[in-house]
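Taking it in order: structure first as structure tokens, then the write-up.
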Amino acid sequence: MVFNNPSMDALRTLLVRARRIAVVGFSPRTHRPSYRIAAGLQKVGYHVIPVRPGISEGLGEKAYPTIASLDDVPDIVNVFRSAEYVEPIVEDCIRLGAKTLWLQDDIVNEQAAQRAAQAGITVVMDRCILRDYYSLCA
């Protein structure tokens with residue numbers, strides 16, 4: 001099976017409908033891409049949920065150590081972790097009932113994407129969610 005990202009129209013629909021985005025691999029360091037993109041998502045109106053062990057908050061929001069520890073299902077799980085860490089994240093997304101998994105630029109894990117898709121999760125891989133927001137929705 002060859003992976004293909006959803007169409008641009010489908011990405012636009014995902015981004016327009018989403019309200020809550022969990023950012024896995026969120027960094028409290030302001031110079032890191034995960035911080036800057038999460039802050040940008042928050043600035044344009046999304047409720048950002050930081051996911052990172054060892055922090056209690058990020059961007060003024062309660063932080064969670066893992067996807068499995070979330071209180072509610074986010075509309076999108078946005079991942080800033082290396083490809084080798086994606087499979088356990090997918091398993092947590094399946095258990096939680098997440099509907100969309102978005103892997104940031106340069107994160108590609110075909111096996112994890114296939115597992116997520118088989119579980120009914122829409123997968124976006126190797127794309128920047130904030131850049132796509134600005135090009136498709138702003």
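Keep in mind that this is a model prediction, so the values were computed, not measured.
The closest side-chain heavy-atom distance from I37 to F80 is below 4.5 Å. Counting heavy atoms from C-beta outward, T30 and Y35 have side chains that approach closer than 4.5 Å. A 4.5 Å side-chain heavy-atom check between P28 and L59 finds every atom pair outside the cut-off. R20 places none of its side-chain heavy atoms less than 4.5 Å from the side chain of V48. Inter-residue side-chain proximity for Q104 and V79 is flagged as unmet; no heavy-atom pair is nearer than 4.5 Å. L103 has its side chain within reach of V86: a pair of non-hydrogen atoms, C-beta onward, lies under 4.5 Å apart.
Here the shortest heavy-atom pairing between F3 and A113 reads CD1-CB, 3.9 Å. Across G58 and A63, no two heavy atoms sit closer than the pair N-CB, 4.4 Å. The two residues N109 and A83 make their nearest non-hydrogen contact at ND2-O, 2.9 Å. Nearest approach of I67 to C93, heavy atoms of both residues: CG2-N, 4.1 Å. A pairwise comparison of heavy atoms in V51 and A22 identifies CG2-CB, 4.1 Å as the closest pair.
Remark: the backbone N or O of Y85 is not paired with any side-chain donor or acceptor of S82 at under 3.5 angstrom. Under a 3.5 Å cut-off, the side chain of E61 and the backbone N or O of H47 do not form any donor-acceptor pair. Judged purely by atom type and a 3.5 angstrom limit, D126 uses its side chain to pair as donor or acceptor with the backbone of D106.
Side chain to side chain, D71 and Y64 meet the donor-acceptor criterion of an N or O pair below 3.5 Å.
One distance of note links CZ of R12 with CG of D9; it measures 5.0 Å at 0.5 Å rounding. Taken to the nearest 0.5 Å, the CD1 atom of I76 stands 5.0 Å off from the CG atom of L15. Here CD1 of I21 is found 4.5 Å from CG of L41. Values are rounded to the nearest 0.5 Å. Note that CG of L70 and NZ of K62 are 9.5 Å apart. Values are rounded to the nearest 0.5 Å. Atom OG1 of residue T100 and atom CZ of residue R17 lie 10.5 Å apart, to the nearest 0.5 angstrom.
Open room surrounds CD on Q111; 12 or fewer heavy atoms of other groups in view lie less than 6.0 Å from it.
Cluster membership check: I121 shares its hydrophobic cluster with I49, using side-chain heavy-atom separations under 4.5 Å among Ile, Leu, Val, Met, Phe, Trp and Tyr. Hydrophobic clustering (ILVMFWY, side-chain heavy atoms < 4.5 Å, transitive): I94 and V24 are in one cluster. Taken together through direct or relayed side-chain contacts under 4.5 Å among Ile, Leu, Val, Met, Phe, Trp and Tyr, V108 and I129 form parts of separate hydrophobic clusters. The hydrophobic cluster containing V44 also contains W102, counting ILVMFWY residues as joined when their side-chain heavy atoms lie under 4.5 angstrom apart, directly or transitively. In the hydrophobic clustering of this structure, L101 groups with V73; members are Ile, Leu, Val, Met, Phe, Trp, Tyr whose side-chain heavy atoms approach within less than 4.5 Å, directly or through other members.
Contacts of P6 classified as side-chain contact (heavy atoms from CB on, under 4.5 Å), with partners at least two apart in sequence or in another chain: A10, L11, T122, V124. Judged as a side-chain contact (heavy atoms from CB on, under 4.5 Å), and not counting sequence neighbours, the contacts of R29 are S27, H31, R32.
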Candidate pair R81 and I107, rule side-chain contact (heavy atoms from CB on, under 4.5 Å), full reasoning
CA-CA 8 Å; R81 298 292 318 271; I107 303 171; 5.8 Å; no

Would you please test I55 and F26 for side-chain contact (heavy atoms from CB on, under 4.5 Å) and show each step?
CA-CA 10 Å; I55 65 171; F26 171 84; 3.7 Å; yes

Compile the donor-acceptor pairs under 3.5 Å between side chains in residues 130-138 and protein atoms, sequence neighbours left out, one pair per line.
residue : atom : partner : partner atom : Å
R131    : NH1  : D105    : OD2          : 3.0
R131    : NH2  : D105    : OD1          : 2.9
R131    : NH2  : D105    : OD2          : 3.2
D132    : OD1  : R127    : NH2          : 2.7
D132    : OD2  : R127    : NE           : 2.7
D132    : OD2  : R127    : NH2          : 3.4
S135    : OG   : R131    : O            : 3.3
S135    : OG   : D132    : O            : 3.3

